[in-house]
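Here the structure comes first, spelled out in structure tokens, and everything after it is commentary.
Counting begins at 1 with the first residue of the sequence. Note that these values count all heavy atoms, side chains included, but never hydrogens, waters or copies made by symmetry.
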Amino acid sequence: MNKFISYLNTFSFFIVGYLVARYIYVAFFINNYEVLFIDERIIINDIYNVWNLDNEFNRYSSVENNFFKNLLLVFTEIAYGGDLRYGRIWSNIFITLLGPISFFGDQALITSVRIFTIFIYFISINLLINIFLDKKCRWIYNLIFYSIPGVFYFNTSPKPDIFVILFIAIAIKLLLREQYFKSIIFLGIATGVKIVGIFPLIFLTLYLFINKKLALNTKNIIKSLASSWVGLVIANPILIIPPINVGNLPNFYSIYYNWLNTQSLVSQNQRFSFEYFITWSRTLSSHFSYGLVENELLSLLIILLFFVIIFLLINKKEYLIALLSLSGLIHLLFIFISVERQWKVYLNFSFILIFVGVIYYILNFTTEPKKVIVVFYFLIIPLNFLGVSEKFMNYSTKPSSDLVIIPEVIDLIEDLYELKIETKNIVLWDPSYGMPRNNVTYSSFFDVRENWNGDELETILQNSDFYVSKKDITSENYKVYKIKDFYIYSNNS
């Protein structure tokens with residue numbers, strides 16, 4: 001059995017190497033700014049806002065000194081940015097480490113951001129393996145983690161979720177070194193990067209008190225709360241400003257809450273629903289049965305099995321790994337009751353934390369750990385690896401036709417500006433589709449900005465000179481120009 005495990009580990013090494021190489025290969029395609037997926041534009045825009053000194057939100061219009069104005073813009077981008085969906089530390093890492101690459105063009109920057117994301121996922125997973133699992137079989141565990149739902153998405157699109165795992169892993173290392181309040185700070189950073197980090201923050205802080213690493217007294221409770229707040233502020237520096245109304249200064253805590261609240265309700269009418277749970281249960285059962293079974297009972301059995309393993313870990317007094325995995329399982333159930341859209345990428349975070357506990361239990365508390373881990377390996381990897389392979393096969397490396405059409409749209413808009421007397425020099429663009437950016441894909445006197453205010457032309461054209469979309473918005477009150485499948489809307493005047 002030892003020889004077989006060794007061969008399996010070697011085999012897994014080559015497969016993981018192949019997957020990472022394939023992700024890196026894919027990073028070099030569809031890497032023009034004009035055709036970026038909307039999620040990927042977030043981080044690229046953050047980089048350009050600083051390194052191009054692009055005043056995307058028209059801030060500090062009353063400041064005349066350009067040097068001072070640009071200084072304020074950079075500071076504001078680092079501390080706040082445009083929204084608080086994700087922690088600024090996520091953006092600031094990319095801005096600091098990869099920002100200078102923007103001078104070599106959008107393709108170089110976008111490819112670098114993608115490759116950096118791939119390595120952060122790899123590092124984060126391996127930190128957890130180093131902490132909890134047997135390093136001799138590292139590649140077996142790596143391949144398991146590279147076969148869970150959502151892995152393709154997080155290795156092809158830069159998102160903050162992988163940094164949540166990274167900061168949680170760092171927090172656990174600090175915890176094991178008995179640097180408890182530093183550990184809570186990093187859990188706070190993970191929560192600030194993305195709110196899903198609050199589940200490990202709560203459960204691992206409870207671990208410190210339950211396991212008597214920290215005495216349960218008022219002083220330690222206050223220090224724990226203060227440490228988590230410090231982490232939140234490190235992730236989102238603007239939150240250092242207290243939530244009080246002073247002059248025109250906004251309440252950033254209220255803004256933070258509103259972002260979290262609105263994002264959790266995107267494309268759904270209810271916050272919580274048992275119907276969501278039923279649908280997710282069918283999705284999960286289909287996933288683990290190769291699409292053969294869509295039955296709530298199978299999902300309930302899988303969830304129950306996870307609970308049993310966590311309970312057994314607690315019974316063995318393995319509180320740290322048990323509570324870490326429990327935080328992942330509670331997050332899984334939270335997704336089940338609060339998210340309508342059946343996008344399995346939402347489960348990646350949950351399964352990383354759950355599987356590290358499952359593997360830990362197999363290795364330490366089963367009578368035949370090597371046999372059991374092989375069974376688990378062949379249960380998990382084929383069904384997910386096939387899905388990843390299919391995604392690679394379906395992933396188009398051919399440039400979108402929008403790459404040719406969008407410059408034509410920009411040329412037409414420049415011609416149309418010559419007919420306008422009064423201008424705002426702003427073109428609003430439907431962000432659902434590819435779009436250009438001034439001083440990146442074209443150079444002109446007008447800027448293109450994302451429109452997030454629906455399709456009411458009256459509202460849109462009050463704040464811009466033109467609106468570009470692929471939607472055919474019927475209206476006799478506005479001029480419409482068309483290039484291929486893009487519509488350009490303008491006021492009649």
Side-chain angles (χ1 to χ4, degrees), residues 30-59 77 81-83 85 102 105-107 109-110 157-158 262-263 266-267 399-420 422-475 477-493:
I30 319 297
N31 59 352
N32 300 84
Y33 181 89
E34 295 99 324
V35 292
L36 286 182
F37 180 54
I38 188 169
D39 283 358
E40 195 169 8
R41 273 205 307 268
I42 295 172
I43 192 66
I44 301 300
N45 283 343
D46 285 346
I47 295 171
Y48 277 127
N49 285 348
V50 171
W51 286 91
N52 276 10
L53 295 174
D54 187 358
N55 192 357
E56 183 178 0
F57 302 100
N58 195 30
R59 294 183 172 120
E77 277 296 321
D83 61 63
R85 276 176 294 180
S102 63
D106 59 324
Q107 289 178 299
L109 176 64
I110 291 162
S157 183
T262 53
Q263 287 298 302
V266 170
S267 302
S400 165
S401 60
D402 288 353
L403 194 59
V404 176
I405 301 170
I406 287 173
E408 296 178 13
V409 173
I410 291 296
D411 289 342
L412 177 57
I413 289 173
E414 284 195 320
D415 293 339
L416 293 173
Y417 260 113
E418 295 180 6
L419 305 176
K420 280 189 170 288
E422 295 182 1
T423 64
K424 303 177 182 70
N425 294 338
I426 293 292
V427 175
L428 288 178
W429 200 288
D430 188 337
S432 305
Y433 313 104
M435 61 184 295
R437 184 180 175 111
N438 198 10
N439 298 318
V440 175
T441 67
Y442 73 97
S443 295
S444 192
F445 57 88
F446 64 90
D447 291 311
V448 172
R449 302 300 186 204
E450 295 177 346
N451 169 59
W452 292 100
N453 296 315
D455 296 316
E456 282 291 330
L457 291 176
E458 183 178 356
T459 303
I460 294 170
L461 293 172
Q462 282 178 354
N463 303 305
S464 65
D465 301 311
F466 300 97
Y467 176 54
V468 180
S469 176
K470 287 189 178 182
K471 295 176 184 175
D472 184 1
I473 306 170
T474 304
S475 178
N477 300 322
Y478 302 94
K479 294 179 180 177
V480 183
Y481 308 87
K482 189 179 181 186
I483 295 184
K484 302 297 193 310
D485 52 350
F486 280 92
Y487 294 88
I488 305 169
Y489 299 94
S490 173
N491 284 311
N492 281 320
S493 57

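Under the 4.5 Å side-chain criterion, counting only non-hydrogen atoms from C-beta, Ile413 is in contact with Val468. Here the side chains of Asp54 and Asn439 are not in contact, with every heavy-atom distance at 4.5 Å or above. For the pair Tyr433 and Ile406, the minimum side-chain heavy-atom distance is 4.5 Å or more. Using a 4.5 Å cut-off on side-chain heavy atoms (C-beta onward), Asp430 and Lys470 make no contact. By the 4.5 Å heavy-atom criterion applied to side chains, Asn463 and Ile426 are not counted as neighbours. For the pair Ile410/Val448, a side-chain contact is recorded, criterion being any heavy-atom separation below 4.5 Å from C-beta on.
Ile43 and Pro158 get closest at one heavy-atom pair: CG2-CG, 3.7 Å. The shortest non-hydrogen separation linking Ser157 to Asp39 is OG-CB, 4.3 Å. Nearest heavy-atom pair, Gly434 versus Trp429, reported as atom, atom and distance to 0.1 Å: O-NE1, 2.9 Å. Residues Arg41 and Tyr33 come closest through the heavy atom pair CD-OH, 3.7 Å. Counting all heavy atoms, side chain and backbone alike, Asp402 lies closest to Pro407 at O-CD, 4.2 Å. A pairwise comparison of heavy atoms in Gly454 and Asn451 identifies O-ND2, 2.8 Å as the closest pair.
Rounding to the nearest 0.5 Å gives a distance of 14.0 Å between CD1 of Ile30 and CZ of Phe37. A distance of 10.5 Å separates CD in Gln462 from CD in Glu456, rounded to the nearest 0.5 Å. Once rounded to the nearest 0.5 Å, the distance linking CD1 of Ile44 with CG of Asn31 reads 10.0 Å. Rounded to the nearest 0.5 Å, atoms OG (Ser464) and CZ (Arg449) are 12.0 Å apart. In this structure, OG in Ser469 is found 10.0 Å from CG in Asp485, a value given to the nearest 0.5 Å. From Tyr489, atom OH reaches atom CD1 of Ile460 across 9.5 Å, with rounding to the nearest 0.5 Å.
A donor-acceptor pair is defined here as one N or O able to donate and one able to accept, closer than 3.5 Å; such a pair exists between the side chain of Asp465 and the backbone of Lys424. The backbone N or O of Glu34 lies less than 3.5 Å from no partner atom in the side chain of Asn32, so there is not a single donor-acceptor pair. Looking only at distances, no side-chain donor or acceptor of Asn49 sits under 3.5 Å from a matching main-chain atom of Asn52.
Residue Leu412 is tested with Tyr417, Phe466, Tyr481 for a side-chain contact (heavy atoms from CB on, under 4.5 Å); the sole match is Tyr481.
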With side-chain hydrogen bond (donor to acceptor under 3.5 Å, both in side chains) as the test, would you mind laying out the steps for Asn438 and Tyr48 before giving the verdict? CA-CA 10 Å; Asn438 198 10; Tyr48 277 127; over 6 Å; no
Between Tyr467 and Ile473, is the side-chain contact (heavy atoms from CB on, under 4.5 Å) condition met? List the steps. CA-CA 11 Å; Tyr467 176 54; Ile473 306 170; 4.0 Å; yes
Would you check, one step at a time, whether the test salt bridge (charged side-chain N to carboxylate O under 4.0 Å, His left out) holds for Lys471 with Asp455? CA-CA 9 Å; Lys471 295 176 184 175; Asp455 296 316; 3.0 Å; yes
Please evaluate residues Asp106 and Arg437 with respect to the criterion salt bridge (charged side-chain N to carboxylate O under 4.0 Å, His left out), reporting the C-alpha separation (whole Å), side-chain torsions for both, the decisive distance (0.1 Å), and the verdict. CA-CA 10 Å; Asp106 59 324; Arg437 184 180 175 111; over 6 Å; no
Chi angles and distances behind the side-chain contact (heavy atoms from CB on, under 4.5 Å) call for Arg85, Ile42: CA-CA 11 Å; Arg85 276 176 294 180; Ile42 295 172; 3.9 Å; yes
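Qualifying salt bridge (Lys or Arg N to Asp or Glu O under 4.0 Å) partners for Glu414, counting only residues two or more places apart in sequence or in other chains: none.
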